[in-house]
Number of protein chains: 2
Amino acid sequence: MAKNYSSEISNPLSSNHEDYLKAIYILETRGEQVTNSVLSEYIGYTPASATNMVKKLAQMDLVIYRPHQAVALTPTGRRVALEILRHHRLLELFLHKTLDIPWDSVHEEAERLEHVISEALEDAIAASLGYPKVDPHGDPIPSKNGEVSHTPGHPLSQSEAGRTYRLVRVLSQEKERLAYLGELGLHLNAEVHLREQAPFDGPMLVEVAGEEHALAADMAALLQVVPASAE
Amino acid sequence: MAKNYSSEISNPLSSNHEDYLKAIYILETRGEQVTNSVLSEYIGYTPASATNMVKKLAQMDLVIYRPHQAVALTPTGRRVALEILRHHRLLELFLHKTLDIPWDSVHEEAERLEHVISEALEDAIAASLGYPKVDPHGDPIPSKNGEVSHTPGHPLSQSEAGRTYRLVRVLSQEKERLAYLGELGLHLNAEVHLREQAPFDGPMLVEVAGEEHALAADMAALLQVVPASAE
DNA sequence: AATAGTTTTTAGCCATGGCTAAATTGTATC
DNA sequence: GATACAATTTAGCCATGGCTAAAAACTATT
Ligand SMILES: [Mn+2]
Ligand SMILES: [Mn+2]
Ligand SMILES: [Mn+2]
Ligand SMILES: [Mn+2]
């Protein structure tokens with residue numbers, strides 16, 4: 001069992017290297033073509049810097065780079081990306097459950113911690129949480145050997161009115177958005193009764209914990225739910 | 001209450017900047033003259049690199065630098081050093097108590113984590129531990145406003161034979177040494193009965209948890225104890 | 001197929017913070 | 001005070017990874 005993928009690599013990866021690989025992985029799984037501009041915008045650096053970094057990652061056999069083409073992770077690159085993503089999501093859950101850090105703050109904290117925890121600490125965290133499968137936002141936690149479980153659910157925006165659902169995933173890391181949802185009681189596993197959906201992609205009327213709220217359609221599209229009975 | 005001392009500073013400090021300040025603080029409190037060679041050896045970089053860094057820290061008003069003189073922390077530099085040291089020791093205790101990381105492994109882990117935790121996380125950790133005063137090695141945890149409590153005790157090597165003591169501090173971070181002491185049952189607050197001390201700085205005979213062991217004099221010098229009755 | 005517009009790459013700059021080797025300064029000894 | 005030795009600083013090199021501006025390469029439209 002190969003544990004430390006940086007051991008397969010001559011010089012160790014910096015935090016930024018790791019964040020680039022993670023970004024490419026996330027963009028790939030979104031189904032997007034990971035063009036230079038998409039990547040550079042996501043990562044928050046200039047296109048020139050992204051090209052620069054991608055070429056370095058290609059030299060280390062972590063990505064496939066062909067000029068003017070979309071970047072793609074190599075198997076090794078994917079393993080590194082998944083390892084960092086595992087750190088990230090384990091840390092989010094740990095910070096939330098063990099230290100009561102609010103779910104809208106764990107992301108930025110994990111963004112730094114993910115690069116500096118050892119294998120032993122990763123294992124200790126996973127064990128203390130009982131080897132969890134999802135983070136506080138319902139994002140799947142990759143397993144130690146790089147498997148990602150498929151998460152169930154469909155957007156609340158495409159659900160039937162008059163039924164009750166359970167929130168299983170929120171497709172956003174935005175602090176303000178998460179804080180707002182939390183205020184409405186829309187945290188993970190919350191029960192939502194969908195009263196009605198206004199036509200023309202209008203707002204939805206939902207009931208959460210006895211209170212009624214209106215949700216914009218694009219907000220509801222980020223909420224993945226399953227029927228409440230199915231548990 | 002000024003919280004983030006890097007906010008008083010134009011550009012943020014790197015991990016290395018922080019480790020240099022911490023090193024200078026520790027060497028100062030040991031009573032040593034913090035010459036360039038002492039610092040460079042402690043920090044593990046060449047003397048030229050140490051000079052380089054010290055000059056930068058001086059430009060930021062974190063240390064006083066005069067060529068060919070010992071370096072000294074400014075009040076601001078000391079605050080930064082103490083903030084990082086607080087992170088370090090809180091993290092050591094947290095890792096040990098909450099995640100069962102052995103006391104000989106927490107140091108290297110904290111060495112990286114100390115630079116990336118937020119003020120909020122620092123507070124959450126301190127709260128979850130009940131605002132502790134010492135780390136797993138008995139080193140005092142600086143308070144949020146930079147106060148360091150005086151730790152009691154004297155070296156086991158300078159103690160009276162025939163009496164029982166309580167271990168309150170170990171003056172070493174060496175992994176192997178700590179692992180060895182742990183195997184003997186010599187963790188923090190362990191009770192040690194001092195049977196006899198061989199003359200000419202010879203080994204000491206001690207009894208810990210019902211077992212008898214011989215301890216080299218220089219090892220015993222690192223163990224700070226108080227009389228067991230004084231609890 | 002020419003042209004216009006967009007995307008990507010290249011070229012070259014800069015700050016950071018290591019390093020080695022050489023020059024300088026300080027200190028101890030005769 | 002001269003001289004030797006150690007400590008420190010300086011000078012100059014290098015890799016990293018940002019950046020801007022300009023060049024080049026794709027893509028779409030006429
Ligand atoms: Mn990150
Ligand atoms: Mn998440
Ligand atoms: Mn450190
Ligand atoms: Mn310690």
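Quick note on labels: first sequence line is chain A, next is B, and so on, each numbered from 1.
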(message) Under 4.0 Å, heavy atoms only, any strand: does Lys56(A) hit a base, just the sugar-phosphate, or nothing?
(response) base
(request) Verify the distance criterion only: is there a donor paired with an acceptor across the side chains of Asp139(B) and His88(B) at less than 3.5 Å? (result) no
(message) Could you check whether any side-chain heavy atom of Leu223(A) comes within less than 4.5 Å of a side-chain heavy atom of Leu215(A), counting everything from C-beta outward?
(response) yes
(request) First locate atom CD1 of Ile26(B), then atom CD of Glu32(B), and finally report the distance between them rounded to the nearest 0.5 Å. (result) 11.0 Å
(message) Is it the case that the side chains of Glu92(B) and His107(B) hold a donor-acceptor pair, with the cut-off being a distance below 3.5 Å and no angle test?
(response) yes
(request) Could you verify whether a donor N or O on one side chain and an acceptor N or O on the other, from Thr46(B) and Ser49(B), lie under 3.5 Å apart? (result) yes
(request) Side-chain contact test, heavy atoms from C-beta onward, threshold under 4.5 Å: evaluate it for Val134(A) versus Leu93(A) and give yes or no. (result) no
(message) Could you measure the distance from the NE2 atom of His115(B) to the CD atom of Glu18(B)? Nearest 0.5 Å is fine.
(response) 6.0 Å
(message) Please tell me whether His68(B) and Asn36(B) have a donor and an acceptor in their side chains that are separated by less than 3.5 angstrom.
(response) no
(request) Residues of residues 22-40 of chain A with any non-hydrogen atom less than 4.0 angstrom from an atom of DNA chain C: list those, numerically ordered, please. (result) Thr35(A), Asn36(A), Ser37(A)
(request) Mind running a 4.0 Å heavy-atom check of residues 41-49 of chain B against DNA chain D and sending the residues that fall below it, in number order? (result) Pro47(B), Ala48(B)
(message) Testing the 3.5 Å rule here: is there a donor-acceptor pair between the side chains of Thr74(A) and Asp61(A)?
(response) no
(request) Check the side chains of Asn16(B) and Tyr45(B) for a donor-acceptor pair under 3.5 angstrom, ignoring hydrogens and angles. (result) yes
(message) Can you give me the first and the last nucleotide of DNA chain C (5' to 3') that has an atom within less than 4.0 angstrom of a non-hydrogen atom in chain A?
(response) dT8(C) to dT10(C)
